[in-house]
Amino acid sequence: MHLIIYAGFLSVEYGFGYNRLPTLYMTRKPFFVGLMLAFAVFTVLFAAEQATDSFFIPATSPETTITSDSMTIKKGAVTLIGNVRAISGDKILTSGKATLWRNPDRLLASITPRLYQKESIDAKQSTRESTLDALNILWEQSLDRISASPAVTLKIDEQTWDHATHTWVVISADSLEGFRNSNKLNFQGNVRIRDQERSGQGNRLDYDKASSTAILSGSARVEKDEWSPKEKRVVKRILTGERIVYDLASKTAESE
């Protein structure tokens, strides 16, 4: 994985080639510092003198670009402070502070971190926007794992390409865990879920992005306001159970 960071006046780019030691390339630029590296070769920050081919420039583009106001290197970690912004594909992470470690490879965003993603769902002819807020957001490269805690809030907006249908859902919890290739997120502790028509709560929620379903478990409860022709007024319908399957697309809920 390649990474590039911008933060000051000196441009320092780190990269690596196939079957070779990490290499170093340095230039001067007027308004920023550039640092391109692989998490797996993070030791280049502290042992650049061991590298060969000092002016080698990697042929591949970096997978992640990070910008910030300042950068410090200390005790095996790179710390970025002020207006941190990391871009990787369709994901954008912003925060007031971010710290990167080599062993194990991980990035911790703190001070009002936010992870935003906008993706196109061709099968459903829709666009999905997701915004994750928490006090801390952690990405562990070796595990392909993202976690967040505490005060987790995830908002998901989905709209069809013709703008005929728009749905949204907000999920809050104490903590969140997910893996890049699974398309699933797990929320735990004081879970709350809300959309245009319903609200629910439980101890745990498993959200499947592919099927747009959420499974509430542990003293699960879902409420919905409905018009009652018999009573001629809006009444509250309550569904309870140890496990409730919530379909976000059809807006239906079933207790199991």
- Message: Can you confirm whether Lys118 is buried at NZ, in the sense that more than 12 heavy atoms of other residues, nucleotides or ligands lie under 6.0 Å from that atom?
- Response: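 Open.
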- Message: Can you tell me if Glu254 has over 12 outside heavy atoms packed within less than 6.0 Å of its CD?
- Response: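 Counting other residues, nucleotides and ligands, CD of Glu254 stays at 12 neighbours or fewer.
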Does any part of the side chain of [Y], heavy atoms only, come nearer than 4.5 Å to the side chain of [X], both counted from C-beta?
X      : Y      : value
Ile156 : Arg128 : yes
Ser255 : Thr240 : no
Thr67  : Asn83  : no
Phe179 : Lys184 : no
Tyr246 : Leu205 : no
Leu80  : Leu107 : no

Ignoring hydrogens and geometry, is there a side-chain-to-backbone donor-acceptor pair from [X] to [Y] under 3.5 Å?
X      : Y      : answer
Ser70  : Ile81  : yes
Thr252 : Asp247 : no
Thr160 : Thr165 : yes
Gln125 : Asp162 : no

Measure the [atom1]-[atom2] distance between [X] and [Y] for me, rounded to the nearest 0.5 Å.
X      : Y      : atom1 : atom2 : answer
Tyr207 : Thr213 : OH    : OG1   : 8.5 Å
Leu176 : Ile171 : CG    : CD1   : 8.5 Å
Gln201 : Glu223 : CD    : CD    : 7.0 Å
Lys124 : Ser212 : NZ    : OG    : 3.0 Å
Leu248 : Asp195 : CG    : CG    : 7.0 Å
Ser142 : Asn103 : OG    : CG    : 9.0 Å

- Pair Glu140 + Arg106, salt bridge at N-O below 4.0 Å: no
Indicate the atoms forming the closest heavy-atom contact of [X] with [Y], along with that distance.
X      : Y      : result
Glu231 : Ser228 : N-OG, 3.1 Å
Trp161 : Ile121 : CZ2-O, 4.1 Å
Leu216 : Gly202 : CD2-N, 3.9 Å
Asp133 : Arg114 : OD1-NE, 2.7 Å
Ser149 : Asp174 : CB-O, 3.5 Å
Trp139 : Arg145 : CE3-O, 3.1 Å

Same cluster or not: are [X] and [Y] linked, directly or through other Ile, Leu, Val, Met, Phe, Trp or Tyr residues, by side-chain heavy atoms under 4.5 angstrom apart?
X      : Y      : result
Leu135 : Val170 : no
Val191 : Leu239 : yes
Ile66  : Ile73  : yes

Name every donor-acceptor pair, under 3.5 Å, that has one atom in a side chain of residues 89-97 and the other anywhere in the protein, sequence neighbours excluded.
| unit_1 | atom_1 | unit_2 | atom_2 | d |
| --- | --- | --- | --- | --- |
| Asp90 | OD1 | Gln117 | NE2 | 3.2 |
| Asp90 | OD2 | Gln117 | NE2 | 3.3 |
| Ser95 | OG | Lys97 | O | 2.9 |

- Task: Indicate whether any N or O donor in one side chain lies under 3.5 Å from an N or O acceptor in the other, for Gln188 and Asn186.
- Result: yes
- Message: Within the 3.5 Å criterion, strictly below it, is a donor on Lys209 or Ser130 matched to an acceptor on the partner's side chain?
- Response: no
- Could you go step by step and tell me if Lys75 and Trp101 meet the side chain to side chain contact (heavy atoms under 4.5 Å, CB included) rule? CA-CA 9 Å; Lys75 295 181 180 179; Trp101 290 271; over 6 Å; no
